[in-house]
Enquirer: 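Before I ask anything, let me first share the structure, which is written out below as structure tokens.
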2 protein chains.
Amino acid sequence: MPIDEHLARTKRRDAALNSERLMQAAREVFARQGLSATLEDIAQHAGVGVGTVYRNFASKREIIETLYDAALDSVLADVQTALEIQDPWVAIVTFFEVTASNQAQDRGLCETFLGHDGFGPDERIAEELVAVVSPLFDRASEAGVLREGVTVTDIGPIFAMLDGVYRMSDARPDLWRRYLALILDGLRAGDRPALPVPALDVAAFKTALTAAD
Amino acid sequence: MPIDEHLARTKRRDAALNSERLMQAAREVFARQGLSATLEDIAQHAGVGVGTVYRNFASKREIIETLYDAALDSVLADVQTALEIQDPWVAIVTFFEVTASNQAQDRGLCETFLGHDGFGPDERIAEELVAVVSPLFDRASEAGVLREGVTVTDIGPIFAMLDGVYRMSDARPDLWRRYLALILDGLRAGDRPALPVPALDVAAFKTALTAAD
DNA sequence: CCTAAATGGAATGAGGCATTCCGCTTAGTG
DNA sequence: CACTAAGCGGAATGCCTCATTCCATTTAGG
């Protein structure tokens, strides 16, 4: 009973094109302006009217979820890539650089990760993030290349810090590299004093990443 | 012709009290909720009606300016205090700790400093900040305790980064100390690679601090 | 007690934005 | 080519959130 297939097959070609354009426009507009961009902005960027947006998506929220579910997966994949790097320290550095680079180019992605989207808590992100990144940190810890007391949950505040830098300098899109370098130097094992207060525990990490704004 | 004095003298005692309460309420509410707190919030916190707010201030903007002009001066004073510390490195550390501590307790203050208030650019802040903090950095530089390439303008991104941490953890009001320590370790002279990209120049620093959101 | 000062909080008005509606356009078919 | 339903644009709607204004009522202080 290929009813759906039949309907899909008869979708007009121009409609399909607009659908593509809209996805792309949403990606670009949310990346540049963040999730508070209006559907009007997106429609205009795609060269269509708002009505057309609603022919393709049920709501703004649906657009965002469609867009950033995929994005989340891609970040998780980046972590896997970093894990394949032999040197545990280089793997850590690579993980931060790749992820930060993605986020620097996509304000909507940042908001999704830091829970600054207008939606309720999404524990899934925090949960998966810890699960996937942990091995990276564990390995570095065991190899003795991580500073005493540094843990996975430090990635939350670190990405929050980098977010502050992205937003500060449209004119210098790579400024974050300077401060990430600073932070990474601080994370590396060496002859240093202990850090003054402990990192978040995993429960607090989840809360912190899902606290509404 | 003490006309004003006469009027002042005849101000009702309850009115004067409300005036005090309002100032205090505004301080507390803006500190906790940021500058987007409503006048309704403030009035309620002070135990008065909104009408009374307008008897004491012409507009929301006036309240904010009154409140944070004073706050700005006090920060500039903190810098002067740090300058009196003999050890150039300890002075730097103290400056960051005192200033960060103030900002951690006052979200409105952060927004003012980072230009996230809803008002136009206020170059004055950036200008004075550079002027006053420069000697602190110059002295540390000359003493050789600062990492190669670190400049005054690094304070902008650094405070932006710390802001990200404050907002992440209501439950851990001192978490910022951990990450400030990390950053300070990175700022200190030592056997390290050069930082990958240069700091903002002073012009870019002003732009960055006054860019609207 | 009297009265001008002060007050509370409902009402106003502006602005922003997601979502809906509907008359017009046009792709695709026979 | 003509026809028709899928698609479309974008004006209209409805909902919010807030700063600011207004005025009937209360109250300090002489």
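Just so we're on the same page: letters track the sequence lines, and every chain starts at 1.
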Enquirer: Quick one: A/Leu35 CG to C/dA18 C1', roughly how many Å, whole number?
Expert: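 My rounded result for the distance is 15 Å.
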Enquirer: Rounded to whole Å, please give me the gap between CD1 in B/Ile63 and P in D/dC18.
Expert: 15 Å
Enquirer: To the nearest angstrom, how far is A/Gln44 atom CD from D/dC8 atom C1'?
Expert: 16 Å
Enquirer: Want to settle it: does A/Gly47 or B/Glu40 sit nearer the 5' end of DNA chain D, counting the closest nucleotide to each?
Expert: A/Gly47
Enquirer: Calculate the interatomic distance between B/Leu22 atom CG and C/dA6 atom C1'; express it in whole Å.
Expert: 13 Å
Enquirer: May I have the distance from A/Arg21 (atom CZ) to D/dG7 (atom P), rounded to whole angstrom?
Expert: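 Taking CZ of A/Arg21 and P of D/dG7, I get 16 Å after rounding.
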Enquirer: With a 4.5 Å heavy-atom cut-off, do A/Arg107 and A/Leu35 have their side chains touching?
Expert: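 Heavy-atom side-chain distance check fails, nothing below 4.5 Å.
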Enquirer: Out of D/dG29, D/dC8, D/dA19, which nucleotide sits closest to the side chain of B/Arg12?
Expert: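 Side chain of B/Arg12 sits closest to D/dG29.
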Enquirer: Which nucleotide sits closest to the side chain of B/Lys60: C/dA18, D/dA19, C/dA6?
Expert: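 Among the listed nucleotides, the one closest to the side chain of B/Lys60 is D/dA19.
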Enquirer: To the side chain of B/Val50, which of D/dT21, D/dG29, D/dG7 is closest?
Expert: D/dT21
Enquirer: Select one nucleotide: of D/dC8, D/dT20, C/dA18, the one nearest the side-chain heavy atoms of B/Tyr54.
Expert: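 It is D/dT20.
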Enquirer: For B/Arg13 and D/dG29, give me the distance from atom CZ to atom C1', rounded to whole Å.
Expert: 9 Å
Enquirer: Please check if atom CZ in B/Arg32 has more than 12 non-hydrogen atoms from other residues, nucleotides or ligands closer than 6.0 Å.
Expert: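 Not more than 12 within 6.0 Å, no.
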Enquirer: Check the pair A/Arg27 / A/Gln24 against side chain to side chain donor-acceptor pair (under 3.5 Å), numbers first and verdict last.
Expert: CA-CA 5 Å; A/Arg27 234 188 298 278; A/Gln24 186 55 29; 3.2 Å; yes
Enquirer: Looking at A/Asn18, I'd like to know whether one of its side-chain N or O atoms comes within less than 4.0 Å of OP1 or OP2 on D/dC8.
Expert: yes
Enquirer: For D/dG7, take OP1 and OP2 only and decide whether either is under 4.0 Å from a side-chain N or O of A/Thr52.
Expert: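 It does not, given that no N or O in the side chain of A/Thr52 lies less than 4.0 Å from OP1 or OP2 of D/dG7.
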Enquirer: Taking the nucleotide of DNA chain D with the nearest heavy atom to each, does B/Ser59 or B/Asp14 sit closer to the 5' end?
Expert: B/Ser59
Enquirer: Between A/Thr210 and A/Asp122 (side chain of the first, backbone of the second, donor and acceptor by atom type, cut-off under 3.5 Å), is there such a pair?
Expert: no
Enquirer: Compare all side-chain heavy atoms of A/Arg188 with those of A/Val150 and state whether any distance is below 4.5 angstrom.
Expert: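 Heavy-atom side-chain distance check fails, nothing below 4.5 Å.
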Enquirer: Could you work out which one of D/dT20, C/dA18, D/dG7 sits closest to the side chain of B/Leu39?
Expert: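 For the B/Leu39 side chain, the nearest candidate turns out to be D/dT20.
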Enquirer: Taking the nucleotide of DNA chain C with the nearest heavy atom to each, does A/Arg55 or A/Thr38 sit closer to the 5' end?
Expert: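 Counting from the 5' end, the first nearest nucleotide belongs to A/Thr38.
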Enquirer: Atom CD1 of B/Ile42 to atom C1' of C/dG8: distance rounded to whole Å?
Expert: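 It works out to 17 Å between those atoms.
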Enquirer: To the nearest Å, how far apart are A/Phe57 CZ and C/dA18 P?
Expert: 15 Å
